[in-house]
Amino acid sequence: MKVEDAIAAATSRWTAPGEAGGVVALFEDGRITRSWCMGLADIESGRGWTIATPTRLASLSKHVTAAAAFALGLDGTLGRHLPELRGPRAATTLSRALTMTSGIPDLGETLALSGISSAASIGAERLHRLSCRIAHLNFEPGAEVSYCNTNFRLAQHAAERASGVPLARWLREHFLAPLGLASFALVEDQSEFVPGLASGYWHERGVPRRGSYGLHYSGSGGMVASAEDFVAWTGALLRGDGPLRELFARLAEPGRLASGAEVGYSHGFMLHRLCSLRLVGHGGSLPGY
């Protein structure tokens with residue numbers, strides 16, 4: 001199958017009149033070689049997609065937060081960086097958190113079980129206080145792997161304590177500005193204005209509706225970038241340019257259980273095997289994205 005046919009089949013809905021779309025980009029060495037911009041980035045205004053249109057990256061954000069933790073030299077237990085944590089959670093290592101082997105319960109699931117919708121507006125400090133009140137773990141650290149956004153929320157708090165500034169500012173000053181990535185940013189509040197940001201939509205009986213997510217996004221899912229800048233970031237990370245020197249190898253190092261067995265998750269990346277190839281990447285979703 002030709003690449004054009006594969007892309008057309010996967011994105012057929014994007015090209016329908018008045019439909020939200022997106023960007024598909026092929027790249028090499030951090031430069032886009034071919035791209036397809038289809039559909040609308042904002043249905044209400046009729047604005048179309050371009051490779052410069054910023055959009056929410058959702059969980060593709062995780063490896064950026066992990067990279068900041070490494071660059072800041074963070075290690076040891078979560079309690080070392082966040083003394084307000086209680087019980088076995090405080091003794092859990094940052095490495096366990098970043099490889100999803102910590103046993104820490106996910107705040108989103110906890111709120112859902114309590115009947116609180118993800119559309120409810122809850123800020124960073126309230127979520128952190130709740131996280132500190134939940135002292136138990138779902139399993140012994142290193143016993144298994146379980147995907148959990150709260151791991152990276154706690155990693156963000158640790159990074160902010162170590163640097164003394166908000167993670168959004170640290171990333172801008174130490175990673176993003178030096179690499180010239182103007183659209184790349186950590187935007188943690190849904191109400192914060194981002195020029196040109198693509199709107200997120202979902203469908204109900206064929207009618208598009210705006211996605212709504214009230215919880216503080218955090219470093220687990222709050223990054224925003226255009227396709228152009230995300231490709232440039234990826235190339236810089238793979239090459240180890242400037243402030244990203246030697247970070248990719250550490251990020252892609254597989255997590256391990258207490259038994260020593262590798263898991264299919266590294267530090268913000270999913271790991272897969274295709275014959276002899278090791279594939280490193282991630283997906284992500286938020287309501288409408």
Side-chain angles (χ1 to χ4, degrees), residues 7-27 32 34-65 108 111-112 116-124 127 149 152-153 156 166-168 171-172 176 181-234 281-289:
I7 290 171
T11 61
S12 59
R13 188 169 189 171
W14 295 6
T15 56
E19 185 59 76
V23 176
V24 176
L26 305 183
F27 65 93
I32 293 177
R34 295 185 66 184
S35 63
W36 293 258
C37 302
M38 296 168 280
L40 301 177
D42 186 78
I43 293 175
E44 292 93 319
S45 67
R47 175 169 52 91
W49 277 88
T50 74
I51 59 170
T53 301
T55 189
R56 289 203 171 274
L57 300 182
S59 285
L60 276 72
S61 308
K62 286 183 168 64
H63 77 279
V64 183
T65 299
L111 291 169
I116 300 174
S117 167
S118 63
S121 179
I122 306 178
L127 288 169
N149 287 307
F152 282 78
R153 182 177 294 280
Q156 173 177 352
L167 181 60
L171 290 172
R172 182 174 65 251
L176 306 174
L181 305 178
S183 76
F184 213 145
L186 177 58
V187 183
E188 303 169 79
D189 189 331
Q190 183 174 240
S191 66
E192 188 173 343
F193 179 71
V194 180
L197 180 68
S199 298
Y201 300 97
W202 58 281
H203 288 80
E204 183 178 52
R205 300 187 181 92
V207 178
R209 296 186 177 277
R210 278 185 174 271
S212 178
Y213 188 79
L215 304 184
H216 170 259
Y217 286 111
S218 84
S220 70
M223 297 301 299
V224 165
S226 67
E228 189 173 43
D229 278 352
F230 189 67
V231 165
W233 162 269
T234 303
H282 215 286
S285 66
L286 286 165
Y289 294 93

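In this text the structure is predicted, and so the values were computed from the model without any measurement. One is the number of the first residue; the rest follow in order along the sequence.
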Look up atom [atom1] in [X] and atom [atom2] in [Y], then write down how far apart they are to the nearest 0.5 Å.
X	Y	atom1	atom2	answer
Ser199	Arg210	OG	CZ	3.5 Å
Ile122	Ser117	CD1	OG	9.0 Å
Leu215	Arg153	CG	CZ	7.0 Å
Leu167	Ser61	CG	OG	10.0 Å

Minimum heavy-atom distance between [X] and [Y], given as atom pair plus value:
X	Y	value
Ala198	Thr53	CB-CG2, 4.0 Å
Leu60	Gly284	CD1-N, 3.7 Å
Asp229	Ala182	OD2-N, 3.3 Å
Pro54	Pro195	CG-O, 3.5 Å
Leu181	Ala232	CD2-CB, 3.7 Å
Ala168	Glu188	CB-OE2, 4.1 Å

Just wondering, do [Y] and [X] contact through their side chains at under 4.5 Å, heavy atoms?
X	Y	value
Val23	Trp14	no
Leu171	Phe184	no
Trp36	Thr11	no
Val187	Leu197	no
Val194	Ser183	no
Thr65	Met223	no
Leu186	Gln156	yes
Val231	Ile51	no

* To do: Apply side chain to side chain contact (heavy atoms under 4.5 Å, CB included) to Asn149 and Lys62, showing your working.
  => CA-CA 9 Å; Asn149 287 307; Lys62 286 183 168 64; 2.5 Å; yes
* **Under 3.5 Å donor-acceptor, Trp49 side chain and Leu40 backbone** => yes
* Asked: Quick one: does Tyr289's side chain have a donor or acceptor within less than 3.5 Å of a partner on Gly211's backbone?
  ->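 No; zero donor-acceptor contacts below 3.5 Å.
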* Which of parallel (below 30°), tilted (30 to 60°) and perpendicular (above 60°) describes His63 and Phe230? ->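 Rings of His63 and Phe230: perpendicular, over 60°.
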* Asked: With sequence neighbours excluded, what pairs up with Glu204 under the side chain to side chain donor-acceptor pair (under 3.5 Å) test?
  -> Arg209
* To do: Determine, for Tyr217 and Arg56, whether the Lys NZ or Arg CZ falls below 6.0 Å from the six-membered ring centre while staying within 45 degrees of the axis.
  => yes
* **Steps toward side chain to side chain contact (heavy atoms under 4.5 Å, CB included) verdict (Thr50, Ser226)** => CA-CA 9 Å; Thr50 74; Ser226 67; over 6 Å; no
